[in-house]
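Below is one structure, written out as structure tokens; comments come after it.
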Amino acid sequence: MNAHALPHPGLAFGAYPERTDHGDSALNDWLRGLASAAQRPQPARLPAAVRAALDDEQSSLDAGRPGAFEAAVVLRRTALMRDGFADEPVGRALAVVACAMERTVGLRPYPTQLLAAWLMLQGRLAEMATGEGKTLAMALAAGIAAMAGVPVHVLTANDYLVQRDEATMAPFFRALGLISGCVLQATPPADRVAIYQRPVVYTTAKELGFDYLRDHHRLRGERDPRLLRAQGLDAGRQQRPLVPGLCMALVDEADSLLLDEACVPLILASRGAAMDVAALQRAFDVAGALEADRDFSLVPSLRRASLTDTGRDRVDAAVRDAGGWLRPLRRAHELVESALVARHLLHRDREYAVTAKGIALIDELTGRIAVGRQWSGVLHPMVEIKEGVPPSAPNVTSAQITYQRFFPRYLRLAGMSGTLLDSRHELRMLYRSRVARVPLAKPSRARWLGERLFARECDKWQAVIESVRHHIAAGRPVLVGTDSVAASQHLSQQLSAAGLEHQVLNAVQDTDEAARVAQAGRSGTVTVATNIAGRGTDIRLDDAARAAGGLHVIAALRNRARRIDRQLTGRSARQGDPGSAESVTSLDDALLARTWPRWVLAGAAALAPRGIVPAPLATLLLAGAQRAAQFSDFFVRRQLRRTDRAAQQAFGFAGRRE
């Protein structure tokens, strides 16, 4: 690869580099997915030329000549800028950044971490098991890319991890002659301009996406400085884009961001006009008087409620004398349907929490409070009415974008996760990204203790308590994963009643999450958590816990995607440590209840005289529900992609960027 192919601001890519929509057809998407499916994934290896260059450079650095490292940094930076990411310069750069990491951070990279860094420099998504050192590997890749002159955005899960990782790796980047920075939710707009100009920027996808939207809204979709001046929009520094191009992104927990959150819109909005609170309250009350199936139907997977003809007649009769927002009647129907969604499909401590500041949405993937996120339209004030919170004015959308439309705009997109292979076909379809598997640095000592499906929820929780008691008696730490804040609180009450000390980690305790996770590896510690996938903080075992057999994970849920289950159970047996995991679920768990008809679940319960569904039937029910959920989610993402493509074509015809 030649140097001119590496994206950076300049003549080749413009002042603000960004990929335009490639305009591929749906057929090409499918062909890429089929090509990926035809390839059997094998553990990746460094090419011989890269390995030889790395070893030769490492031998030179190990000789310990005064000034050898500083001279090597200058030489490798020049070579990368000249030759790009070719094998020989990258191999030598890997040796230099490994030396810099050891000198500044005190950590000598494993060969697997060097391999992961090389894969990302090739534009790959690297599957690297939980606990194998993704943070360090991301920094190695970012350092080499920035040495080559490519501005890099390192995207991770939350502000805590952004600040922690950037502070940890800042000395490493300085040793390479680079300056890093981080953009947090609290970073003032005036400071963001300067920070985004740095070679390496750590931030969250949400902050970056919103800054991109702010640029688009403020600069009318145009970022080229020449055109800005021509339009009279470059009057001062404050009119410069916050984000100076999308050259390269390194995405942590890539499958979560690129797939699970692909359809979540980032919406730049402002408060709308004052609401007709009386009309919303009346619509909410009318919705409470309607009967399911007769007056309305629900689609839980889409969070949609639809009035039947009978339901519309009843609504019309109930609001006949009303005015304001309840006129025309079509608007009254829409308000009542939103109220039905709030009443029946959104649950406290599952989809949202009630805090001192009002209604806060919960990220279904991580269990965290989704700071700054609201439902669109009148749905959010309807939930506020439901919970007795003063309703806020609905938002008026100024601009919006989904991750599925945003990330393909990067000229180079790479990243890591512990569970990418399960989704490699879809990632190839949507983002043109290939997935490679990084082997473990040490042999795994994980043990899978099996799966139990109970007929009744109470029996499930009793089995969880018995398993917790058994393993802490042996001196092992235990992590129990639940699917909601409500479930974690219910289990907490059960454990307290059983006299078992524990800590709870869910959306309500999000502020001290890292401290709680850090304690979860101590001998005899019990941690109850909402979906802990992707939290990004290591669970480190103490010596007593390691000697007793390591962390035991109890998955008291089955997630919509198998890879998210793997993220949870993968919290045990990290980096060659001992550990084990098991699954304990029940027929009335959310995934099964949403997928299978009641008569199917009732039949399964009838076949479980001792309270445990027979293993073959349990596997059929759980795997079938999970496959149905995965297909449904894939279908939604595919439809969104088609909609986005059609919108882009329409805007392009109209001469607009969005």
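Between the side chain of Q404 and the main chain of R637, a donor-acceptor pair closer than 3.5 Å is present. A donor-acceptor distance shorter than 3.5 angstrom exists from the side chain of R198 to the backbone of S180, with no hydrogens or angles considered. In this structure, the side chain of D159 engages the main chain of Q185 through a donor-acceptor pair within 3.5 Å. Side chain of E426 to main chain of L259: no donor-acceptor pair is present (N/O by atom type, distance under 3.5 Å, no hydrogens or angles). R566 contributes no side-chain N or O that, together with a main-chain N or O of D422, makes up a donor-acceptor pair within less than 3.5 Å. Under the 3.5 Å distance criterion, the side-chain polar atoms of E18 are left unmatched by any main-chain donor or acceptor of R409. At least one donor-acceptor pair closer than 3.5 Å links the side chain of R19 to the backbone N or O of L411. For the pair S572 (side chain) and G579 (backbone), a donor-acceptor distance under 3.5 Å is absent. The closest donor-acceptor contact from the side chain of R51 to the backbone of A48 lies at 3.5 Å or more, if one exists at all. Judged purely by atom type and a 3.5 angstrom limit, T525 has no side-chain atom pairing as donor or acceptor with the backbone of P477.
R214 has its side chain out of reach of P189: every pair of non-hydrogen atoms, C-beta onward, lies at least 4.5 Å apart. Residues V438 and E132 are not in side-chain contact: their nearest non-hydrogen atoms beyond the backbone lie 4.5 Å or more apart. Counting only heavy atoms from C-beta outward, the side chains of T402 and C263 never approach each other to under 4.5 Å. Using a 4.5 Å heavy-atom cutoff, the side chains of L184 and V162 are in contact. At a threshold of 4.5 Å between non-hydrogen side-chain atoms, the residues P199 and V152 do not count as touching. Put simply, the side chain of C247 does not reach to within 4.5 Å of the side chain of R412, judged on heavy atoms. Looking at T203 and L155, their side chains come closer than 4.5 Å, going by heavy atoms from C-beta outward.
In this structure S417 satisfies the side-chain contact (heavy atoms from CB on, under 4.5 Å) test together with E253, D255, T419, L420, Q567, sequence neighbours excluded. Residues satisfying the ring-ring contact (aromatic ring centres under 6.0 Å, His included) criterion with F407, sequence neighbours excluded, are Y403. For P47, the side-chain contact (heavy atoms from CB on, under 4.5 Å) partners at least two apart in sequence or on another chain are V50, D87, W118.
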Could you tabulate the donor-acceptor pairs under 3.5 Å formed by side-chain atoms of residues 59-69, not counting sequence neighbours?
{"residue": "S59", "atom": "OG", "partner": "D55", "partner atom": "O", "Å": "2.9"}
{"residue": "S60", "atom": "OG", "partner": "R65", "partner atom": "NH2", "Å": "3.2"}
{"residue": "D62", "atom": "OD1", "partner": "Q58", "partner atom": "NE2", "Å": "3.0"}

Atom pairs and distances, side-chain donor-acceptor, residues 91-103, under 3.5 Å, sequence neighbours left out:
{"residue": "R92", "atom": "NE", "partner": "E88", "partner atom": "OE2", "Å": "2.3"}
{"residue": "R92", "atom": "NH1", "partner": "D56", "partner atom": "OD2", "Å": "2.9"}
{"residue": "R92", "atom": "NH1", "partner": "E57", "partner atom": "OE1", "Å": "2.8"}
{"residue": "R92", "atom": "NH2", "partner": "D56", "partner atom": "OD2", "Å": "2.7"}
{"residue": "E102", "atom": "OE1", "partner": "R108", "partner atom": "NH1", "Å": "2.5"}
{"residue": "R103", "atom": "NH2", "partner": "E70", "partner atom": "OE2", "Å": "3.4"}

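A salt bridge links R563 with D260; the closest basic N to acidic carboxylate O contact falls under 4.0 Å.
Interatomic distance, F406 CZ to L266 CG, rounded to the nearest 0.5 Å: 8.5 Å.
Among residue pairs with one or both ends in residues 177-193, those qualifying as salt bridge (Lys or Arg N to Asp or Glu O under 4.0 Å) are R192-E207, R192-D211; sequence neighbours excluded.
Among R540, R546, R445, the single residue meeting the side chain to side chain donor-acceptor pair (under 3.5 Å) criterion with D577 is R546.
Between H552 and H471, the ring planes are parallel. Angles under 30° get that label, and only those over 60° would be called perpendicular.
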